[in-house]
Amino acid sequence: MDADLGRRAVVTSDLPAVRGRLTPDAPLAPLLWFKTGGAAQWLFEPADAADLSAFLAGLDLAVPVWPLGLGSNLIVRDGGMPGVVVRLGKPFARVAATDGALTLECGGGASGVLVSSTARDAGIAGLEFLRSIPGTVGGFVRMNGGAYGRETADVLVDCDVVLRTGEAVTLPVADLHYTYRHSDLPDGAIVVAARFRGQAGEPAAIQAEMDRIAAAREASQPLRSKTGGSTFKNPAGHKAWALVDAAGCRGLTLGDAQVSEKHCNFLLNLGNATSADIEALGETVRDRVKAHSGVTLEWEIQRVGVK
């Protein structure tokens, strides 16, 4: 095995045959909420879970593989992503209710909006909070995504994943050992499907709760800006935004990167920021919060790639 394979150019002969689409030197910025960052050496959009399994089984384990969802909660650094970025497209974006079981079968690429809307139509309550999370099922499962008092651990039954070796396994929720914004999902594993369970509810009441959540987000978050979502995890006993505000960072800028004035746990790209600008601004905020309150903020946004 070539330990440097992920850092050098991964050429076509290194890659197994696929039924999906492989794109070399694929720009990632258009796929990301921040609209910044470099290219992927290869972007793989598998045709289905079997295509993904076969590809990973045949790919040298030294080649890095990174899953990409909707491109929120992510900074791709300006030097780009070595290896292969896997994007689960339309074949993985399906959601269906299981008759009589109050359970949804969800593809790993399905959005929170689609999951919650399908649940509403099927009279399944308890999944409304997913409406407010700007990501995909795969991201929710990996990061225990949550909002408005609920999190993935509360509703997940189990998930289907493809391991970095290409092996396909089903993991029950107990095996993920969920904590706040963390799971024990194996490194390199890609979530291709998951099952969520709710409780019986009236579609009109479910829609009313979704509307309440949407209105709360609209009022408090910079939804129409180039952002990555919540930047820092809430430390025990604190709200990250309040610590950032108290440290005097509301509206702070670095180049075209800014701490949102509307919700200061969000970073913004005002137009021409680089990923380096955004990440450096985040580190400045962490330093100021530490100096002011003694609390060390942890990044919730993932930062990946080559600087």
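Basis for what follows: all heavy atoms, side chains included, without hydrogens, waters or symmetry-related copies.
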Hydrophobic clusters here meaning ILVMFWY residues chained together by side-chain heavy-atom distances under 4.5 Å, can you tell me if [X] and [Y] are in one?
| X | Y | answer |
| --- | --- | --- |
| Met81 | Leu32 | yes |
| Val285 | Val295 | yes |
| Leu163 | Val86 | no |
| Val95 | Phe140 | yes |
| Val173 | Val169 | yes |

Report yes or no: does [X] contribute a side-chain atom to a donor-acceptor pair with the main-chain N or O of [Y] at less than 3.5 Å?
| X | Y | answer |
| --- | --- | --- |
| Thr152 | Gly145 | yes |
| Thr98 | Ala101 | no |
| Asn144 | Ala153 | yes |
| Arg164 | Ala57 | no |
| Tyr178 | Val141 | yes |
| Arg286 | Thr296 | no |
| Asn269 | Phe34 | yes |
| Asp51 | Asp48 | no |
| Ser111 | Leu114 | yes |
| Ser260 | Lys262 | yes |

Here's a test for you: under side chain to side chain contact (heavy atoms under 4.5 Å, CB included), which of Leu185, Val192, Ile190 qualifies with Val161? Leu185
Among Thr118, Leu130, Val115, Val191, whose side chain to side chain contact (heavy atoms under 4.5 Å, CB included) with Cys106 holds? Val115
Does [atom1] in [X] sit with more than 12 non-hydrogen atoms of other residues, nucleotides or ligands closer than 6.0 Å?
| X | atom1 | value |
| --- | --- | --- |
| Arg303 | CZ | yes |
| Arg19 | CZ | yes |
| Lys239 | NZ | no |
| Glu202 | CD | no |
| Asn272 | CG | no |

Do Phe196 and Val137 come close enough that some side-chain heavy atom pair is under 4.5 Å? yes
So do the side chains of Asp158 and Leu171 get within less than 4.5 Å of each other, counting heavy atoms only? no
Could you go step by step and tell me if Trp299 and Glu283 meet the side-chain hydrogen bond (donor to acceptor under 3.5 Å, both in side chains) rule? CA-CA 9 Å; Trp299 284 90; Glu283 290 297 336; 2.8 Å; yes
Between Arg131 and Glu128, is there a salt bridge with N-O shorter than 4.0 Å? no
Closer than 4.0 angstrom, basic N to acidic O: yes or no for Arg21 and Glu45? yes
Polar contact flag, side-chain donor to acceptor under 3.5 angstrom, [X]-[Y]:
| X | Y | result |
| --- | --- | --- |
| Asp287 | Thr284 | no |
| Thr170 | Asp160 | yes |
| Ser275 | Thr36 | yes |

Pairs where residues 71-97 contributes a residue and the test side chain to side chain donor-acceptor pair (under 3.5 Å) is met, not counting sequence neighbours: Arg77-Glu279
Using the ring of each side chain (for Trp, its six-membered ring), is His263 parallel, tilted or perpendicular to Trp241, with breaks at 30° and 60°? perpendicular
